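From a predicted model like this one, the values you see are computed outputs, not experimental measurements. For ligands, and for the atoms within them, numbers begin at 1 and follow the listed sequence. This chain uses plain numbering: 1 for the first residue, then up along the sequence.
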Amino acid sequence: MSKIRDINLYPEGELKIEWARKHMPVLNLIREEFKNEKPFKGITIGMALHLEAKTAVLAETLMEGGAEIAITGCNPLSTQDDVAAACVKKGMNVYAWRGETREEYYENLHKVLDHEPDIIIDDGADLIFLLHRERRELLDKIMGGCEETTTGVIRLKAMAEEGVLKFPVINVNDAYTKHLFDNRYGTGQSVMDGIIRTTNLLIAGKNVVVAGYGWCGRGVAMRAAGMGANVIVTEVNPIRALEARLDGYRVMKMEEAAKIGDIFITTTGCKDVIRAEHMLVMKDGAILANAGHFDNEISKEDLKSISKSVRKVRKNIEEYDLGNKKLYLLGEGRLVNLVCGDGHPCEVMDMSFANQALSAKFLKENHEKLENRVYNIPYEQDLRIASLKLRSMGIEIDELTPEQRRYLSDWREGT
Ligand code: ADE
């Protein structure tokens, strides 16, 4: 059972998946393991992830391990319809298309839950929230969930602290082999890629304002600077602000940055980061892009309320006419890397999704021993993924000698 845009789009989707698979060696090794062990035999996995080619490679890996898959998107604009069609051809239950309304988005999450999943794989935690809010009859059957992103993890931890989380959740985001690479190098590249593809404008010489200096902000600032931009960082956390300054960027309040920025990129995970008071002092032609999970970092309500008219001027670019100037919003203020591009590069999603696949297996094998809280992934899993990735890149590293091992553990011995 599936509901997608058009099944005839599948050949293009299959080619995209084939390309992604070829560049995801760690996930391919896990797939071989799953093929032999069938860890998910008899298990249904409900997934809400950005439905593009790399996600399809994760889903087919889980299928290879014996899982039945029910999948939807985690953003109304990030699904690639050809990939969704190819997933249906592979035998998955798919409920997703690009351009879903809010109602359709929630209907599709419900349709995934109608399959009564045993394990949840989420990006932004919408499936897990829906289970706790409206589908509580299904909670008892759930072994656990895996969460992909910072935004989801923050709220899931809040739920656990309140004692209302009803199954264990694995925090995939905080794995070293996830956030150090996906959030930093993945976001850094894919956000600049999305902006450049969409605008066809030069980055060199521009004032690029990066709101938020978490791992995503660090990555975006690094890549924008590497392309010749003058990077300005805005922050609310003094430690991160200091780090940004010592990394060589200008740091100031958004109200000051707003006056001089050419391109604004939000990466905070918080709402209303760019508001009317900022938009009103921006320069004519300023470009606004969001890289955070939700489309509330740039206040679209404020932008609409201060504008006289809006028109689409290019694919994925809306021009807001404020009378005395024009501002340009990319991808409707939704994740610019996925709405205006193809998401993170395959090689980083290889590690993120290797973490998802192994975390799902960990849940299957350990759920009875786990409490209803948010767990970090086992460090050994991180080490294993990093080792496999290095091997796939043809890189060998040193090992401690027995003497060095003794030296590091023996506190009695002098230097
Ligand atoms: N592709 C699939 N999931 C993604 C994510 N969370 N971020 C970027 N690209 C992705």
Problem set entry | Proximal candidate to atom 3 (N) of ligand 1 [heavy atom criterion; set Gln356, Met349, His293] |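 Comparing heavy atoms across Gln356, Met349, His293, the nearest one to atom 3 (N) of ligand 1 lies in Met349.
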
Compute the shortest N/O to N/O distance between [X] and ligand 1 and return yes if it is under 3.5 Å, no if not.
X	result
His344	yes
Asp123	yes
Lys54	no

Exercise. Taking the six-membered ring of Tyr249, is NZ or CZ of Arg245 closer than 6.0 Å to its centre and within 45° of its axis?
Worked result: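 Here Arg245 fails the 6.0 Å and 45° test against Tyr249.
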
For this session: Examine Lys89 relative to Tyr10 and say whether NZ or CZ is less than 6.0 Å from the centre of the six-membered ring and inside a 45° cone about the ring axis.
Result: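 The answer is yes; both the distance and angle limits are met.
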
Exercise. Considering only protein heavy atoms, which is closest to atom 2 (C) of ligand 1, and at what distance to one decimal place?
Worked result: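 Nearest neighbour among protein heavy atoms for atom 2 (C) of ligand 1, to 0.1 Å: Glu52 OE2, 3.1 Å.
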
For this session: Specify the protein heavy atom at minimum distance from atom 5 (C) of ligand 1: its residue, its atom name, and the distance to 0.1 Å.
Result: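 Here the closest protein heavy atom is His50 CD2, 3.6 Å.
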
Exercise. Of the options Lys3, Arg5, Lys16, which is the one that meets Asp81 in a salt bridge (Lys or Arg N to Asp or Glu O under 4.0 Å)?
Worked result: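 Of the listed options, the one satisfying the test is Arg5.
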
Problem set entry | Leu338, portion touching ligand 1 at heavy-atom distance under 4.0 Å | side chain

For this session: Check Lys325 against Met279 and note the closest heavy-atom contact, atom names and distance.
Result: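 The answer is NZ-O, 2.9 Å.
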
Problem set entry | Minimal non-hydrogen separation, Leu62 against Ala360, with atom names |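 Closest approach of Leu62 to Ala360: CD2-CB, 4.4 Å.
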
Exercise. Taking only heavy atoms of Gly343, which atoms of ligand 1 are found under 4.0 Å from at least one of them?
Worked result: 9 (N)

Exercise. By number and element, which atoms of ligand 1 are closer than 4.0 Å to a non-hydrogen atom of Thr55?
Worked result: 2 (C)

For this session: Measure the distances from the heavy atoms of Leu49 to every atom of ligand 1 and state whether one is below 4.0 angstrom.
Result: no

Problem set entry | Pair Tyr213, Glu235: side-chain N/O donor-acceptor within cut-off below 3.5 Å | no

For this session: Could you tell me how the ring of His293 sits relative to the ring of His50: parallel (under 30°), tilted (30 to 60°) or perpendicular (over 60°)?
Result: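 Ring orientation, 0 to 90° scale: tilted.
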
